[in-house]
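I have placed the structure first, in the form of structure tokens, so that the comments after it can refer back to it.
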Amino acid sequence: MSETIFSKIINREIAADIVFENDRILAFRDINPQAPVHVLVIPKKPIPTINAIDPEDVALIGELFIAARQIAAEEGIDESGYRTVFNCNRDGGQEVYHLHLHLLGGRAMQWPPG
Ligand code: 5GP
């Protein structure tokens with residue numbers, strides 16, 4: 001897989017506002033936030049899209065949500081609520097081809113999305 005901006009963040013080649021890290025996962029604030037809280041939770045393993053998730057990644061994907069809920073609590077939006085989103089490919093609005101879970105909160109979300 002070709003290198004993405006997110007692999008450069010993982011490797012500390014470019015800076016990011018990191019809010020969570022362990023051996024498998026990194027989370028950092030989105031550079032163009034769409035809500036008062038907008039954090040991207042990513043696996044360090046370079047999975048390009050949801051379509052490339054392998055059965056062996058099942059636990060890793062679950063860990064993204066465990067990290068997201070922990071960050072939501074730390075950001076004080078767990079009770080007010082939040083949205084988690086994976087965009088996939090062109091029609092899903094994906095721009096960076098390194099799997100990432102958007103964690104958005106701090107304001108009321110609209111439904112349906114545009
Ligand atoms: P996508 O559209 O692929 O689901 O979301 C990619 C997200 O990455 C966008 O919300 C965009 O603002 C964010 N992003 C792109 N480049 C950077 C960067 O260099 N640093 C950070 N922190 N976020 C980025």
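What you see below is based on every heavy atom in this structure, not just the backbone, and it leaves out hydrogens, waters and symmetry mates. For clarity, every value in this text was computed on a predicted model and none was experimentally measured.
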Distance-only, no hydrogens or angles: does the [X] side chain make a donor-acceptor pair with backbone N or O of [Y] under 3.5 Å?
| X | Y | value |
| --- | --- | --- |
| Q94 | V96 | yes |
| N11 | K8 | no |
| R69 | L64 | no |
| H100 | H98 | yes |
| K44 | E21 | no |

Write down the atom of A35, the atom of G105, and the distance for their closest heavy-atom approach. CB-O, 3.5 Å
Nearest heavy-atom neighbours spanning P48 and A52: CD-CB, 3.7 Å
Are [X] and [Y] connected in the hydrophobic side-chain network, where two residues link if heavy atoms are under 4.5 Å apart?
| X | Y | result |
| --- | --- | --- |
| Y82 | I61 | yes |
| I18 | I71 | no |
| I10 | I14 | yes |
| I53 | V41 | yes |
| I25 | F86 | yes |

Does any non-hydrogen side-chain atom of [Y] lie less than 4.5 Å from one of [X]?
| X | Y | value |
| --- | --- | --- |
| Y97 | N89 | yes |
| L99 | P43 | yes |
| T84 | F65 | yes |
| L101 | L103 | no |

K45 vs E56, test: side-chain contact (heavy atoms from CB on, under 4.5 Å). Steps then yes/no. CA-CA 12 Å; K45 178 179 178 180; E56 73 179 21; 3.1 Å; yes
Option passing side chain to side chain contact (heavy atoms under 4.5 Å, CB included) with F28 (candidates I42, V39, D17): I42
Answer yes or no: are there more than 12 heavy-atom neighbours, outside E13 itself, under 6.0 Å from its atom CD? yes
From [atom1] ([X]) to [atom2] ([Y]), nearest 0.5 Å:
| X | Y | atom1 | atom2 | value |
| --- | --- | --- | --- | --- |
| T49 | I47 | OG1 | CD1 | 9.5 Å |
| L104 | L40 | CG | CG | 8.5 Å |
| Q110 | R83 | CD | CZ | 8.0 Å |
| I31 | I9 | CD1 | CD1 | 7.5 Å |
| M109 | Q34 | CE | CD | 9.5 Å |
| D78 | S80 | CG | OG | 7.0 Å |

Should the pair H102 and H38 be assigned to parallel (<30°), tilted (30 to 60°) or perpendicular (>60°) ring geometry? tilted
Is there a side-chain contact (heavy atoms from CB on, under 4.5 Å) between L26 and F20 once you walk through the steps? CA-CA 6 Å; L26 188 69; F20 177 90; over 6 Å; no
Is the closest basic N to carboxylate O distance between R90 and E95 below 4.0 Å? no
